[in-house]
Every structure is written in C-alpha cells, then in structure tokens.
Amino acid sequence: NAGVTQTPKFQVLKTGQSMTLQCAQDMNHEYMSWYRQDPGMGLRLIHYSVGAGITDQGEVPNGYNVSRSTTEDFPLRLLSAAPSQTSVYFCASSSRLAGFYNEQFFGPGTRLTVL
Amino acid sequence: AQSVTQLGSHVSVSEGALVLLRCNYSSSVPPYLFWYVQYPNQGLQLLLKYTSAATLVKGINGFEAEFKKSETSFHLTKPSAHMSDAAEYFCAVSYGQNFVFGPGTRLSVLP
C-alpha cells in the first residue's frame with residue numbers, strides 16, 4: 001500500500017513552459033485535492049475532485065487545470081508556467097465517514113521552481 | 001464561510017515545558033477535526049483526529065486534543081516538549097463537502 005504518490009519530487013521550469021504534476025493513490029478514496037504551500041501562506045486549495053469525472057475549483061485555481069479520469073489518478077497541469085507558481089505542491093486524498101470527509105492523506109510534495 | 005483560526009503563527013517553548021497550540025473553528029454543526037504536523041521539507045502527517053466519539057483524543061508522539069463544542073475549540077497539548085517536536089502544526093476541519101486548514105503554527109523548542 002503506497003498511499004499517495006507524487007512525481008516528480010523536484011522540477012525547474014522556464015516561464016511559459018507547461019508541465020503535469022502526477023498524483024496517484026491506491027486507497028480507493030473518492031476525494032482528491034491539490035494544494036500549494038508558500039512561506040507564511042499555509043496551504044491553499046487549487047482544485048479538488050469528489051470522484052472520477054468530477055472536478056471543481058478551490059481557492060487559487062488560475063493557471064492550473066485538472067482532470068479525474070480514474071479514481072486513482074489526479075494530475076495537475078500548469079498551462080504556461082509563471083514565476084508566481086514557484087511553490088511546493090501537495091496532493092491529498094480522503095474517504096468519507098458518515099457523510100463527512102475523513103482525514104486527508106498527503107503525498108510527499110513536488111517542489112517547483114519557475115525561472 | 002467556514003473558517004479555522006490558530007492563535008499564534010509562532011510559539012516557542014522550552015524543552016520539557018507544556019505545549020499548547022490553539023485552534024478555533026466556526027461552524028453551526030460539529031465538524032470532524034484534525035491536527036497535522038509538518039517537519040521541515042516533508043509532507044503533512046496526521047497527529048490525531050476527532051470524529052464525534054470521545055471528546056479527548058490522544059494522538060501520536062504524546063500529543064492530545066480536546067474538543068469543546070461550547071468554545072468551538074480543539075486545542076493541541078503535550079505535557080513535556082521535546083526537541084523533536086519542533087515543526088509546523090496545522091489544525092483542519094471537515095464540514096461535509098469541505099475540508100479547511102488553519103494557517104499553521106510554527107513550534108520552536110528551546111534547549
């Protein structure tokens with residue numbers, strides 16, 4: 001049971017380049033989410049999904065796309081990277097318990113630098 | 001909108017002293033409540049959670065938290081701080097369709 005995995009661990013991009021951050025979970029969780037973490041800003045929700053084929057925007061969705069074709073995978077796409085997207089990105093997943101979302105399990109993170 | 005507040009972005013304690021990290025939430029319905037810890041350059045790890053069972057919850061590494069509905073609080077405590085407790089701590093709540101994190105509190109432990 002690998003939990004939540006993320007690739008790559010580190011990435012450097014040039015402004016304007018695009019890339020996809022990969023996230024997978026093997027716990028059959030319905031809910032998956034992407035956060036970015038910046039110094040002094042806590043965790044900010046980018047996009048989330050409550051099941052395959054269903055995605056929605058979080059607090060800071062601009063410049064990012066997501067899709068959820070399977071329960072296991074939830075990739076995050078940067079369309080045209082900007083220096084403001086330099087951050088650490090975390091993927092997380094959760095199951096439901098009595099109608100509420102239970103604890104989120106986090107991946108190890110991807111540290112992205114945009115030059 | 002639902003929110004989570006953590007009093008004090010940075011808390012310092014001496015080794016062996018009591019650790020108290022505060023968390024308050026806004027909700028008309030008792031939510032599920034969580035505390036996470038993040039060590040430098042690592043992901044978030046669950047310390048403990050409250051999901052409508054016992055109001056005093058024990059977690060890993062000697063931490064515990066008490067859910068107080070009347071105060072809408074879920075403060076994290078540890079009787080005796082250890083150097084290895086230095087980390088960032090996040091309180092989080094689940095309100096059904098939403099999962100909200102607090103801004104975090106950085107704990108420093110002084111020798």
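Reminder, nothing fancy here: chain letters follow the sequence lines and each chain counts from 1. For the numbers below, each heavy atom of this structure counts, side chains included, while hydrogens, waters and symmetry mates do not.
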Name all residues meeting the side chain to side chain donor-acceptor pair (under 3.5 Å) criterion together with Thr105(B); count only those two or more places apart in sequence or in a different chain, and write none if there are none.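 Scan of Thr105(B) (side chain to side chain donor-acceptor pair (under 3.5 Å), adjacent residues dropped) gives Gln6(B).
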Is it the backbone or the side chain of Arg44(A) that comes under 4.5 Å from a heavy atom of chain B, or both, or neither?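 Neither the backbone nor the side chain of Arg44(A) comes within 4.5 Å of chain B.
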Can you say whether Leu44(B) sits under 4.5 Å from chain A via the side chain, the backbone, both, or neither, judging by heavy atoms?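 When you check distances to chain A, atoms from both the backbone and side chain of Leu44(B) fall under 4.5 Å.
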Is the shortest heavy-atom distance from the side chain of Gln104(A) to the side chain of Phe34(B) under 4.5 Å?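 No, side chains not in contact.
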Hey, any chance Ile54(A) and Leu45(A) share a hydrophobic cluster, counting ILVMFWY side chains that come within less than 4.5 Å of each other, even indirectly?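 Yes, because Ile54(A) and Leu45(A) connect within a single hydrophobic cluster, where side-chain heavy atoms sit under 4.5 Å apart.
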State, to 0.1 Å, how close Tyr101(A) and Ser94(B) come at their nearest heavy-atom pair, and which atoms those are.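 Minimum heavy-atom separation between Tyr101(A) and Ser94(B): O-OG, 2.7 Å.
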Enumerate the residue pairs fulfilling ring-ring contact (aromatic ring centres under 6.0 Å, His included) with a member in residues 2-30 of chain A, sequence neighbours excluded, ordered by first and then second residue.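 Qualifying pairs, neighbours excluded: His29(A)-Phe105(A).
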Taking a hydrophobic cluster as the set of Ile, Leu, Val, Met, Phe, Trp and Tyr residues connected by side-chain heavy atoms closer than 4.5 Å, whether directly or through intermediates, do Ile46(A) and Leu112(A) fall within one such cluster?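 Yes, Ile46(A) connects to Leu112(A) through the hydrophobic network.
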Tyr48(A) ring center near Phe99(B) ring center (under 6.0 Å):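 Not under 6.0 Å, so no.
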Which heavy atom of Gln38(B) sits nearest to which heavy atom of Phe90(A), and what is that distance?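 Shortest heavy-atom separation between Gln38(B) and Phe90(A) comes out as NE2-CZ, 3.4 Å.
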Is there a side-chain contact between Asn41(B) and Arg111(A) (heavy atoms, below 4.5 Å)?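 Yes, their side chains come closer than 4.5 Å.
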Would a 4.5 Å heavy-atom cut-off, applied to side chains only, mark Lys49(B) and Asn102(A) as touching?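 Yes, at least one pair of side-chain atoms sits under 4.5 Å.
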Joint cluster assignment, Tyr89(A) & Tyr36(B), ILVMFWY side-chain distance < 4.5 Å: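 Shared cluster, no.
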Would one find more than 12 heavy atoms of other residues, nucleotides or ligands at under 6.0 Å from atom CG of Leu7(B)?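 Incorrect, the count does not exceed 12.
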Are Leu47(B) and Tyr39(B) connected into the same hydrophobic cluster when the rule is that any two of I, L, V, M, F, W, Y join if their side-chain heavy atoms are below 4.5 Å apart?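 Hydrophobic grouping puts Tyr39(B) with Leu47(B).
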Part of residues 59-72 of chain A lying next to chain B, heavy-atom separation under 4.5 Å: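 If one takes a 4.5 Å heavy-atom cut-off, no residue of residues 59-72 of chain A lies near chain B.
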Any chain of hydrophobic side-chain contacts (each under 4.5 Å) joining Met32(A) to Val50(A)?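 No, no single cluster joins them.
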Under the side chain to side chain donor-acceptor pair (under 3.5 Å) test, which residues partner Asp26(A), sequence neighbours left out?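 Residues passing side chain to side chain donor-acceptor pair (under 3.5 Å) with Asp26(A): none at all.
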So, Tyr35(A) versus Phe101(B), ring centres under 6.0 angstrom or not?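 Centroid distance Tyr35(A)-Phe101(B): below 6.0 Å, so yes.
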Measure distances from Gln37(A) to the heavy atoms of chain B and classify the residue's part below 4.5 Å as side chain, backbone, both or neither.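 Interface part for Gln37(A): side chain.
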